[in-house]
Protein chains: 2
Amino acid sequence: MPETSTATPESLSQTLAESGLRATPQRELVFNILLKKRDHPTADEVFARVKAEMPTISLATVYNCLETLVQCRVVRAVNFERGPTRYCPNQKPHAHFHDEQTGSTHDIDLPPGLLDQVKTILPEGYDANSVEIIFRGKAQS
Amino acid sequence: MPETSTATPESLSQTLAESGLRATPQRELVFNILLKKRDHPTADEVFARVKAEMPTISLATVYNCLETLVQCRVVRAVNFERGPTRYCPNQKPHAHFHDEQTGSTHDIDLPPGLLDQVKTILPEGYDANSVEIIFRGKAQS
DNA sequence: GTGAGATTTAGAATTATTCCAATAAACTAA
DNA sequence: TTAGTTTATTGGAATAATTCTAAATCTCAC
């Protein structure tokens, strides 16, 4: 697994505060669950994991928390294909490798400068603030 | 708009035949509709356009036809974000630029070799058969 | 401790897509 | 052609993912 760069649980509260948002137990738990198992879970999967520790939480809250974390940029929402959105707490620039056999997704570290280099293919008049790269294929198991 | 490389309406019938599939009026019309306006429409949008020319077609058939065309590789299904799948008849290797202001999507031609170059960042054991690149930002209008 | 605003909650509503069973169309072999 | 088989289309029901809504709860500043 690549080295990862993420907000820590401690800094989450601060990041939220900077956006005028509160660090609620639900938000913290959802974030910690994402950190604990970095397998790009869907909202439903996050809900199941979170529920084990906080049985009263609702699915709507999980959606709300995930959306909040995405807004604060401590979590990335990922959409490869038809199907539910997946969530990723890795904030380091990285690509995704989607293993077509297993359906699993791996983070791929990007060499510094690659994204800028890729941006140079854009014609005049296009100003990209983000670049996403998705590989599909077979990974050694 | 970048130059595009697509199956022609004429060759569609042959491509389908190669997969043991029939060139039905519905499949041909769906494909022609995609060629006519290359704005990455959703299935619903395709349905609306197709219906204007063939009022009896059903939404299920539009989904079926799109899926068939994707299987035959004459159409690409694109998923950027939460929301319906979009369809693109451009078979030339290209990236997508998603204009966050307008919500529209532009095809970006790729210089030869770029995809192979990007693949070189993959660690040992990863074998990608496709690479997708998505830009997000602002395009000059 | 009160009031304002933020957050959570459960369930209803919506959206996108797939499934299903019946009909229709096209192809094959006699 | 014509019966038989396979393939495709159709409309509606079913499912899946997400968003909405309105009420209850919590938190913070005063």
Side-chain angles (χ1 to χ4, degrees), chain A residues 12-33 40-51 53-72 74-88 103, chain B residues 12-33 40-51 53-72 74-88 103:
Chain A
L12 174 62
S13 144
Q14 186 175 357
T15 305
L16 287 166
E18 282 163 11
S19 304
L21 299 167
R22 295 175 188 162
T24 66
Q26 288 87 345
R27 286 173 179 167
E28 287 174 343
L29 180 53
V30 166
F31 184 56
N32 288 335
I33 287 294
H40 304 82
T42 64
D44 260 340
E45 286 163 351
V46 173
F47 179 51
R49 294 174 198 179
V50 158
K51 217 175 175 179
E53 302 191 20
M54 184 188 281
T56 59
I57 200 171
S58 75
L59 177 58
T61 298
V62 170
Y63 272 103
N64 289 341
C65 292
L66 288 170
E67 177 61 16
T68 299
L69 296 173
V70 169
Q71 290 310 311
C72 292
V74 297
V75 166
R76 261 170 71 175
V78 188
N79 289 87
F80 302 130
E81 51 200 345
R82 194 166 339 197
T85 298
R86 296 176 170 277
Y87 296 89
C88 167
Chain B
L12 174 63
S13 145
Q14 185 175 358
T15 305
L16 287 166
E18 282 163 10
S19 304
L21 299 166
R22 294 175 189 162
T24 67
Q26 289 88 345
R27 286 172 179 167
E28 288 174 342
L29 180 53
V30 166
F31 184 56
N32 287 334
I33 288 293
H40 305 82
T42 64
D44 259 341
E45 287 164 351
V46 172
F47 179 51
R49 293 175 199 179
V50 158
K51 217 173 176 181
E53 302 192 20
M54 185 188 279
T56 59
I57 200 171
S58 75
L59 177 58
T61 298
V62 170
Y63 273 102
N64 290 341
C65 292
L66 288 169
E67 177 61 17
T68 299
L69 296 173
V70 169
Q71 291 309 311
C72 293
V74 297
V75 166
R76 261 170 72 177
V78 187
N79 289 86
F80 304 132
E81 51 199 344
R82 197 166 336 198
T85 298
R86 296 177 169 277
Y87 296 88
C88 166

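Here is how names work: the chains are called A, B, and so on, in the same order as the sequence lines, proteins then strands, and each is numbered from 1.
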Nucleotide D/dA8, atom C1' - distance to CG of B/Leu29 in whole Å: 15 Å
Could you go over nucleotides 23-30 of chain D and give all protein N or O partners under 3.5 Å, atom names and distances?
none

Where B/Ala77 and B/Tyr87 come nearest, the two heavy atoms and their spacing: CB-CE2, 4.0 Å
Side chain to side chain contact (heavy atoms under 4.5 Å, CB included) between B/Leu21 and B/Arg27, intermediate numbers included: CA-CA 10 Å; B/Leu21 299 166; B/Arg27 286 172 179 167; 3.8 Å; yes
A/Glu53 and A/Ile33, any side-chain heavy atoms less than 4.5 Å apart: yes
Side chain of B/Arg27 - closest among C/dT7, C/dT8, D/dT9: D/dT9
Heavy-atom closest pair, residues B/Thr42 and B/Pro84: CG2-CG, 3.6 Å
Interatomic distance where CD belongs to A/Glu45 and P belongs to D/dA16 [whole Å]: 14 Å
Interatomic distance, B/Asn64 CG vs D/dG11 C1' [rounded to whole Å]: 12 Å
Validation row: A/Gln26, A/Asn64 side chains within 4.5 angstrom (heavy atoms): no
Strictly under 3.5 Å: I want the nitrogen or oxygen pairs between protein and nucleotides 16-19 of chain C, one per line.
unit_1	atom_1	unit_2	atom_2	d
C/dT17	OP1	B/Thr85	N	2.8
C/dT17	OP1	B/Thr85	OG1	3.1
C/dT17	OP2	B/Tyr63	OH	2.7
C/dT17	O5'	B/Tyr63	OH	3.4

Heavy-atom check, side chain of B/Pro25 versus side chain of B/Met54, under 4.5 Å: yes
A/Ala43 to A/Val62 - nearest heavy-atom pair and separation: O-CG1, 3.8 Å
B/Met54 CE to D/dA8 C1', straight-line distance once rounded to whole Å: 12 Å
B/Thr61 vs D/dT10: side-chain N/O to OP1/OP2 distance below 4.0 Å: yes
Student check: side-chain heavy atoms of B/Leu12 and B/Asn32 closer than 4.5 Å: no
Helical bend (five base pairs per end, nearest 10°) for the helix from C/dG1-D/dC30 to C/dA30-D/dT1: 30°
From CA spacing to verdict: side chain to side chain contact (heavy atoms under 4.5 Å, CB included), B/Leu59, B/Asp44: CA-CA 8 Å; B/Leu59 177 58; B/Asp44 259 341; 3.9 Å; yes
Distance in angstrom units between B/Leu16 CG and C/dA26 P, rounded: 15 Å
Distance test, side-chain N/O of B/Gln26 to OP1/OP2 of D/dT10, below 4.0 Å: yes
A/Thr24 and A/Leu16, any side-chain heavy atoms less than 4.5 Å apart: no
Contact summary for A/Val74 and A/Phe31, nearest pair of heavy atoms: O-CE1, 3.8 Å
Phosphate contact (D/dT9 OP1 or OP2) by B/Thr24 side-chain N/O below 4.0 Å: yes
